[in-house]
Amino acid sequence: MIKSISLSSKNQIIQFIWQHILLLASLYIMTLGVALCVRSNLGSSVISSIPMAFSIAGAEHIVPALTIGGYTNIMNMILVAGQIIVLRRRFEAVQLLQLLIGFVFGALIDVNMYVTSWLVCDELPSQLITQFAGCTIMAFGIALEVRCGSVTMPGEGFPVAISRVTGIPFPKIKICVDVTLVALAIASCFTFWGAWQWNIIGVGTLFAMFYVGYVVKLFSRRMEWFDGILGYRPGFRRYIYGLARYIYGKIH
């Protein structure tokens with residue numbers, strides 16, 4: 001019986017590790033899409049519009065100088081705080097892990113901004129291609145993230161919380177939240193520069209608002225292959241056990 005419990009615990013640990021390795025991969029893909037949207041100069045994605053506005057303002061010494069990822073972390077903390085305010089006693093402590101996921105997301109945005117630093121889009125054809133590629137890649141990453149079944153991102157957790165309290169369907173709340181984020185980004189542009197900044201909120205942002213959700217649905221219908229990857233093959237378990245024994249032997 002003890003041996004059975006031990007094996008079950010090991011399998012749960014392996015499942016948790018593998019699930020979050022795949023989650024990390026999905027977050028990397030998502031943030032690569034975000035970075036490409038920023039590089040297109042046609043407008044950032046919805047989730048990065050406010051952080052991008054503040055980051056550019058920071059580079060001009062209008063606000064504290066932080067990266068897009070840094071301001072994304074701040075925004076994620078505000079979104080989690082919003083969930084706590086909305087749900088109150090119904091807020092589950094495990095959802096605080098959204099802060100960790102959100103921090104990784106912000107850090108990976110900065111990583112991919114560095115990775116794509118060579119990309120300069122100063123002509124319309126390259127801008128359109130980059131924006132389209134960024135939105136498609138981001139949608140693929142979101143579909144993978146949802147399939148991983150772990151803690152949600154703060155950007156999804158906040159509308160979920162409002163939906164639970166109000167009873168309004170999540171898609172409608174999600175649209176309202178996205179529109180609010182874009183409106184706040186526009187307000188930030190006028191506050192910092194007194195004018196609309198098309199590289200922050202542009203046609204690419206509007207395109208992303210409609211296109212990404214549609215493509216996520218298309219990808220989600222064809223994700224059976226990913227369920228197979230989420231499965232845990234014996235070879236993977238042996239590899240983890242062997243690696244753990246090797247590290248343990250080196251330490252002791």
Side-chain angles (χ1 to χ4, degrees), residues 16-56 58-59 64-80 83 95-121 130-159 174 177-178 181 185 199-200 204-205 208-209 211-213 215-216 219-220 223 226 229-230:
F16 180 85
I17 292 173
W18 183 235
Q19 179 186 25
H20 286 80
I21 288 174
L22 294 176
L23 176 63
L24 181 63
S26 70
L27 291 178
Y28 181 85
I29 294 170
M30 287 172 60
T31 55
L32 176 59
V34 170
L36 289 174
C37 289
V38 171
R39 296 296 181 192
S40 74
N41 286 319
L42 288 178
S44 66
S45 62
V46 173
I47 197 65
S48 62
S49 56
I50 296 176
M52 184 179 177
F54 273 80
S55 178
I56 294 175
L66 296 176
T67 62
I68 295 178
Y71 275 112
T72 298
N73 291 334
I74 294 174
M75 186 179 71
N76 285 333
M77 287 189 285
I78 293 173
L79 290 173
V80 173
Q83 294 175 54
Q95 294 302 323
L96 289 174
L97 287 174
Q98 290 181 40
L99 293 172
L100 177 60
I101 300 299
F103 176 81
V104 173
F105 183 79
L108 288 176
I109 287 178
D110 288 341
V111 168
N112 278 311
M113 287 298 294
Y114 175 78
V115 169
T116 59
S117 59
W118 58 272
L119 184 60
V120 177
C121 299
T130 303
Q131 181 71 31
F132 180 80
C135 289
T136 303
I137 291 171
M138 182 167 53
F140 180 60
I142 292 172
L144 293 178
E145 182 244 337
V146 171
R147 206 76 172 193
C148 285
S150 184
V151 178
T152 60
M153 291 283 294
E156 280 72 50
F158 183 62
K174 175 63 174 172
V177 170
D178 286 349
L181 292 176
N199 62 319
I200 299 174
T205 308
M209 288 179 67
Y211 176 76
V212 171
V215 176
V216 167
F219 279 132
S220 297
M223 296 292 290
F226 190 67
I229 296 177
L230 277 170

[Y] backbone acceptor or donor facing [X] side chain under 3.5 Å:
X: Ser117; Y: Tyr114; value: yes
X: Ser44; Y: Ile200; value: yes
X: Gln131; Y: Gly204; value: yes
X: Thr130; Y: Leu36; value: no

Any chance you could measure [X], atom [atom1], to [Y], atom [atom2], to the nearest 0.5 Å?
X: Met209; Y: Ser49; atom1: CE; atom2: OG; value: 9.0 Å
X: Ser26; Y: Phe140; atom1: OG; atom2: CZ; value: 9.5 Å
X: Tyr28; Y: Ile109; atom1: OH; atom2: CD1; value: 12.5 Å
X: Phe105; Y: Thr31; atom1: CZ; atom2: OG1; value: 6.5 Å
X: Thr67; Y: Met52; atom1: OG1; atom2: CE; value: 13.0 Å
X: Glu156; Y: Ile101; atom1: CD; atom2: CD1; value: 12.0 Å

For a quick test of reading the model, state the closest non-hydrogen atom pair linking [X] to [Y] and the distance between them.
X: Ala139; Y: Val212; value: CB-O, 3.8 Å
X: Phe219; Y: Ala143; value: CB-CB, 3.7 Å
X: Cys37; Y: Gly134; value: SG-C, 3.8 Å
X: Met138; Y: Ser45; value: CE-CB, 3.6 Å

Just checking Tyr211: does its OH atom have more than 12 heavy atoms from other residues, nucleotides or ligands closer to it than 6.0 angstrom? yes
Are the side chains of [Y] and [X] in contact, using a 4.5 Å heavy-atom criterion?
X: Thr72; Y: Asp110; answer: no
X: Asn112; Y: Val34; answer: no
X: Leu22; Y: Arg147; answer: no
X: Ile142; Y: Met153; answer: no
X: Leu108; Y: Met30; answer: no
X: Gln83; Y: Val80; answer: yes
X: Leu181; Y: Ile50; answer: yes
X: Leu99; Y: Asn76; answer: no

Non-neighbouring partners of Asp178 that pass salt bridge (Lys or Arg N to Asp or Glu O under 4.0 Å), sequence neighbours left out: Lys174
Criterion side-chain hydrogen bond (donor to acceptor under 3.5 Å, both in side chains) on Thr116 and Arg39, from CA distance to verdict: CA-CA 8 Å; Thr116 59; Arg39 296 296 181 192; 3.2 Å; yes
Ile56/Asn199 under side chain to side chain contact (heavy atoms under 4.5 Å, CB included): CA gap, chis, key distance, verdict: CA-CA 11 Å; Ile56 294 175; Asn199 62 319; 3.9 Å; yes
Could you walk me through whether Leu66 and Ile74 pass side chain to side chain contact (heavy atoms under 4.5 Å, CB included), step by step? CA-CA 10 Å; Leu66 296 176; Ile74 294 174; 3.7 Å; yes
